**Student:** 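What follows is a single structure, and I will ask about it in a moment.
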Amino acid sequence: MTIGTVYLIGAGPGDPGLITVRGMECLRKADVVVYDYLSNPALLREAPEAEHIYVGKRGSTHVLEQPDINDLLVAKAKEGKAIARLKGGDPFVFGRGGEEALHLKEHGIPFEVVPGVTAGVAAAAYAGIPVTHRGCTSSLGMLTGHEDPTKPESALDWARIAGSMGTLVFYMGVKNLPKVVDKLIEHGRPKDTPVALIQWGTMARQRTVVGTLGDIVEKTKGIEPPAITIVGEVVALREHLNWFETRPLFGKRVVVTRSREQASDLSAMLQGLGAEVMELPTIKLVPPDDFAPMDKAIEDIASFDWIIFASVNGVKSFFDRAMEIGKDIRDLAGPRICAIGPGTRAAAEAYHVRVDCQPPKYVAESVVDEFRKMEDMAGKSILIPRTDVGRRLLMEELEKMGAAITEVTAYRTLPETISPEALQDLLDNPPDFVTFTSSSTVRNFVECVGKKSLSQIAAGTRFISIGPITSKTAQELGICITAEAEESTIPALVAAVVRDASGKKP
Ligand code: SAH
């Protein structure tokens, strides 16, 4: 059997977007992912089929000691597996990556090192601190704060460190901070030298405390690792460059209840504004039990005057199925196309299908109004590929106008279950916001979380809805909606969260 390769990958400092392109490539092709406490577990989603082995800390102890981790890598490689060894930051910066690589070399295991964005530089950048700055600092020292500087065997030359290096970045330095500060002052760094301590850098829960060598110990009492300590004049630049912690949803925890497949746009927008997103899918979208009605509609497509799409997923399911049964856009000549909103329109356009009609408001009522204005619907034949749940208003109103409606199930909306761990996490860390994108997400959220737990989190949580129908469902179920999107789109929903967070009225 061929021996597998071990990829020693720098996972970056925490923000999952800060892994490198090469790191991501290696992660995606791995059979086994061996990961640490400080590598963001969100990255595991990139290798869903791989075996995931956690070897980091649990409390103050390690799940696996370093020699056991080394042996594990060798054993898995000998099974012929490709191994992604994910390490926080850069594998060779205070990461014991060198030890792992040496062990692999000794055992004849091929390995590749994928450098990562190290926390000392990245946490500083996310706190608005460039670790070097022209005219301010021309040297940079990266040090471990783990060693007790008062012990005689300390390997650090404090006189040189304090005297000659510009910016000092301390890793693992929370516990020893008082001793480090004393040493620097003792060896001549002025007491008013600026210092910053950045905890959980680059993540939504980043916290930065700024002070001086004289007062930082007092100011950071109670702060737990992981944190980076930056000492030097560059810290003063934060006053001007603090871009990350000033974003509108910084530090806010937001729950996304959409299905897993649909959540990413919304999550990315919220994250881009600084929110910590918790994806808690309450529904899942699955193919219909029986494709026959939709297949027949696709076969007869030329006989329809209109196709109305009421959701992005309706568009996707319809066109993907058409392709599967041997059709394509050439067969679509004839019917005109209506899309309920801009997302649905964009989905159709992605299949190179132009949309003829999109109502001003992105709700069924508005579609009805458009058709009422547009033409006499008597005798018109309309196809509506849709989900199996939800309101029937559109069909009923169009029928009243005399149209012949063919309604086919393009996909089904099923309740998703929430794992006990996710539910516990929700209760332990109540979110600032819960977003609802449809009535089904509200119903299933209530169902999944349960009335009792809901009342536990509801006190401090604000509930944001995509539109009037969703809000009404929420109210019926006893959930008080605090803000509603001005139009039923994802960007407007995000805007409603931002508005609510800032305390502004629409
Ligand atoms: N190889 C890693 C460092 C591992 S040592 C790297 O290159 O970044 C562990 C120390 O790194 C922690 O004690 C802390 O000082 C620092 N650290 C790692 N991630 C951090 C983060 N997101 N925010 C602040 N400090 C972090």
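Position 1 is the first residue of the sequence; numbering continues from there. Note that this is a predicted model, so its numbers are computed, not measured. Counting convention: from 1, in listed order, for ligands and their atoms alike.
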**Student:** Examine I198 against ligand 1 and note whether any of their N/O atoms are separated by less than 3.5 Å.
**Tutor:** no
**Student:** Below 3.5 angstrom, do we get any N/O pair linking G88 and ligand 1?
**Tutor:** yes
**Student:** With no hydrogens and no angle check, do the side chains of Q262 and S259 hold a donor and an acceptor under 3.5 Å apart?
**Tutor:** yes
**Student:** Who's the nearest protein heavy-atom neighbour of atom 7 (O) of ligand 1, and how far?
**Tutor:** T118 OG1, 2.6 Å
**Student:** Using distance alone, with no hydrogens and no angle criterion, decide if E484 and S465 have a side-chain donor and acceptor under 3.5 Å apart.
**Tutor:** no
**Student:** Could you check atom 19 (N) of ligand 1 against the protein and tell me its nearest heavy-atom contact, residue, atom and distance included?
**Tutor:** A119 CB, 3.5 Å
**Student:** My understanding is that we take every heavy atom of each candidate and find the minimum distance to atom 22 (N) of ligand 1. Doing that for P13, G173, G14, which one comes out nearest?
**Tutor:** P13
**Student:** Identify the protein heavy atom lying closest to atom 14 (C) of ligand 1, giving its residue, its atom name and the separation to 0.1 Å.
**Tutor:** A227 O, 3.5 Å
**Student:** Considering non-hydrogen atoms of the protein only, which is the closest contact for atom 23 (N) of ligand 1, and what is the distance?
**Tutor:** G201 N, 2.7 Å
**Student:** Under a 3.5 Å cutoff, is there a donor and acceptor pairing between the side chains of E112 and T5?
**Tutor:** no
**Student:** Partners of K252 by side chain to side chain donor-acceptor pair (under 3.5 Å), sequence neighbours excluded?
**Tutor:** none
**Student:** Give the residue and atom name of whichever protein heavy atom lies nearest to atom 3 (C) of ligand 1, and the separation in Å to one decimal.
**Tutor:** V93 O, 3.5 Å
**Student:** Indicate the atoms forming the closest heavy-atom contact of K191 with I185, along with that distance.
**Tutor:** CG-CD1, 3.8 Å
